[in-house]
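Here it is, the structure in full.
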Amino acid sequence: MLDRKFIIENVDLVRRNCKNRGVEVDLDRFVALENERKRLQAQWDELNRKANQVSRSIGKAKDAAEREAGKEEGRRLREQAAAVKAELDGVIQQLEAIGRLIPNLSHPDAPVGADATANRELFVGKTPKPQFDFPPLDHVQLGEKLGLIDLDGGARVAGHGFYFLTGDAVLLELALQRYALELLMAEGFTPAITPDLARNEILDGIGFIPRGPETQIYSIENTDLSLIATAEITLGGLLAGQTLEAEQLPIKICGISHCFRTEAGAHGRATRGLYRVHQFTKVEMFAFTLPEQSDQMLEDIRDLECQLFDGLGIPYRVVDTATGDLGGPAYRKYDLEAWMPGRGEYGEITSASNCTDYQARRLGIRFRRKGEKGTCFLHTLNGTAVAISRTLIAILENYQQPDGSVIIPSVLRPWVGKDRIAPRR
RNA sequence: GGAGAGGUGGCAGAGUGGUCGAAUGCGCCGGUUUGCUAAACCGGUGAGGGGUGAUAAGCUCCUCCACGGGUUCGAAUCCCGUCCUCUCCGCCA
């Protein structure tokens with residue numbers, strides 16, 4: 001959510017931004033409603049002022065008659081005030097309904113375009129794409145041969161989109177978690193294992209829609225809880241409603257959680273194997289920063305993602321996401337897309353976003369500077385460290401050998417305890 | 001799950017119907033005193049939204065004592081619901 005006052009004072013800027021983002025919003029109506037809001041607010045204030053005055057005078061009334069007259073007057077004023085308040089609440093509700101459609105502003109360097117085809121490739125990682133002198137398998141075939149992924153078992157238990165990781169895949173998952181954690185802790189991130197559920201109001205504050213036809217979220221019946229789609233939700237929610245001291249910032253946390261996604265409407269494309277699944281584990285970076293720190297923090301987070309995947313020896317490219325593909329909260333977003341030989345194309349493997357104060361405003365996360373009056377909303381950023389399922393795809397497919405075995409990336413060997421996964425006999 | 005207790009400003013902690021946005025202490029900021037530091041003393045010190053003003057300072061109004069409702073001319077104070085915390089019991093990895 002953007003600041004109401006900002007929107008009013010920068011209508012044209014906001015209008016242009018909505019257009020770049022491919023979002024249709026009735027800004028004229030928003031402006032009209034905001035003017036109406038101010039008018040009603042002033043009216044409500046005035047009625048309250050009078051009513052308060054009357055109430056105070058009753059306490060000091062000298063006889064019963066005067067008291068009764070005051071009560072009558074007070075009742076009348078409070079009634080009027082309540083009517084104005086109801087109207088005011090209605091207007092605020094409409095303002096918020098429109099306001100939540102308005103996306104965040106966009107970084108001036110973000111490529112302008114309607115969708116992912118306008119994304120700008122910035123550079124590629126240190127690892128070249130592998131050259132195979134044999135027909136490479138995809139991760140489903142490899143997972144089958146190596147006893148790593150049981151899709152049939154997952155389907156039997158929970159349906160399509162679920163799976164068992166078995167055997168060395170379990171060690172790989174844990175190794176990837178440890179690998180990411182070691183690197184991030186050295187960079188000042190506090191590790192956390194977060195709840196896998198969160199209140200709907202938190203989901204909403206981060207920018208997810210917990211219910212409704214287009215939701216990507218599983219909700220828990222008869223509660224206001226949902227399964228989280230990413231630890232971004234819980235990590236951002238961690239400080240909801242808090243006011244921090246400026247010198248506490250930046251705060252960097254990396255959280256491990258399971259991620260649950262309904263993937264409604266995503267059937268048909270790339271549904272094979274682990275690429276698009278209903279549950280996976282992820283290590284997520286999250287940062288709370290001062291406004292002037294967030295641009296640099298986004299670069300830092302992206303660099304860490306590059307370090308992680310250069311370290312794993314996985315070929316990837318980095319993409320600057322086009323305005324039309326940013327979603328609501330992001331001001332700028334970088335994706336890492338890993339080379340996936342089984343698909344013969346790049347597939348999104350991490351994503352780093354600077355959400356500026358968009359989420360913080362909805363979640364009520366503020367900071368205070370010493371010696372300055374008032375508080376401001378801080379900035380939030382998030383980035384994937386490792387999304388296990390897709391990273392497994394990239395490892396299996398890029399590290400496969402002619403004999404059907406898969407080499408373990410050297411950085412994972414301390415935790416996997418071997419340097420190669422051999423086919424079952 | 002059952003039974004109690006409680007949620008007040010950065011913190012601690014008063015306040016049980018009428019200038020209460022809220023005593024007091026601590027902390028913090030400014031000042032006085034002081035070889036230096038500390039102590040002592042004096043003053044200041046919540047947030048949000050309006051009005052006025054220069055998108056300043058200042059002045060002023062409204063709202064906020066977990067959240068949402070209700071009673072009342074008037075609620076931090078009374079009533080109901082929700083959330084959360086603590087204690088005890090039960091259950092359990």
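To find a chain, count down the sequence lines: A is the first, B the second, and so on, and within it residues start at 1.
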* Asked: Heavy-atom count around A/E24 CD within 6.0 Å, excluding the residue itself: above 12?
  -> no
* **Footprint string (nucleotides 77-85 of chain B, 5' to 3'): B base within contact, S backbone only, - free, heavy atoms under 4.0 Å** => ------SS-
* Determine which nucleotide pairs with B/A14, using a 3.5 Å limit on both distances of a Watson-Crick or G-U wobble pair. => none
* Watson-Crick or G-U wobble mate for B/U82, both contacts under 3.5 Å -> B/A66
* Structure fact -> Per nearest nucleotide of RNA chain B, the residue lying toward the 5' end, A/N48 or A/R56, is A/R56
* Is there a Watson-Crick or G-U wobble partner for B/U55 with both distances under 3.5 Å, and which nucleotide is it? -> none
* Is A/R37 touching bases, backbone alone, or none of the nucleic acid, heavy atoms closer than 4.0 Å? -> sugar-phosphate
* **Rounded distance in Å - CG (A/L40) to C1' (B/G50)** => 12 Å
* **Identified pairing partner of B/U34, criterion: Watson-Crick or G-U wobble below 3.5 Å** => none
* Asked: Is it the case that more than 12 heavy atoms not belonging to A/E348 sit under 6.0 Å from its CD atom?
  -> yes
* Asked: Is there a donor on the side chain of A/N52 or the base of B/G74 sitting less than 3.5 Å from an acceptor on the other?
  -> no
* **Base-pairing mate for B/U87 - Watson-Crick or G-U, with both contacts under 3.5 Å** => B/A3
* Asked: Are OP1 or OP2 of B/G48 and a side-chain N or O of A/T375 less than 4.0 angstrom apart?
  -> yes
* Spell out, as yes or no, whether a donor-acceptor pair under 3.5 Å connects the side chain of A/N104 to the backbone of A/P329. => yes
* Can A/T384 and A/K282 be counted as having a side-chain donor-acceptor contact under 3.5 angstrom? -> no
* To do: Please indicate whether A/L13 has more than 12 foreign heavy atoms, meaning atoms of other residues, nucleotides or ligands, lying under 6.0 Å from its CG.
  => yes
* To do: Send over the distance from A/K5 NZ to B/U55 C1', rounded to a whole Å.
  => 8 Å
* Asked: When the distance from CZ of A/R369 to C1' of B/G10 is rounded to whole Å, what number comes out?
  -> 19 Å
* To do: Using atom types as modelled and distance alone, determine if a side-chain donor or acceptor of A/S353 lies under 3.5 Å from a backbone N or O of A/L381.
  => no
* Structure fact -> Among the nucleotides B/C61, B/G46, B/U19, whichever has the atom closest to the side chain of A/D45 is B/C61
* Which residue lies toward the 5' end of RNA chain B, A/A51 or A/S55, if each is placed at its nearest nucleotide? -> A/S55
* **For RNA chain B, the residues among residues 71-81 of chain A that have a non-hydrogen atom under 4.0 Å from it** => A/K71, A/G74, A/R75, A/R78
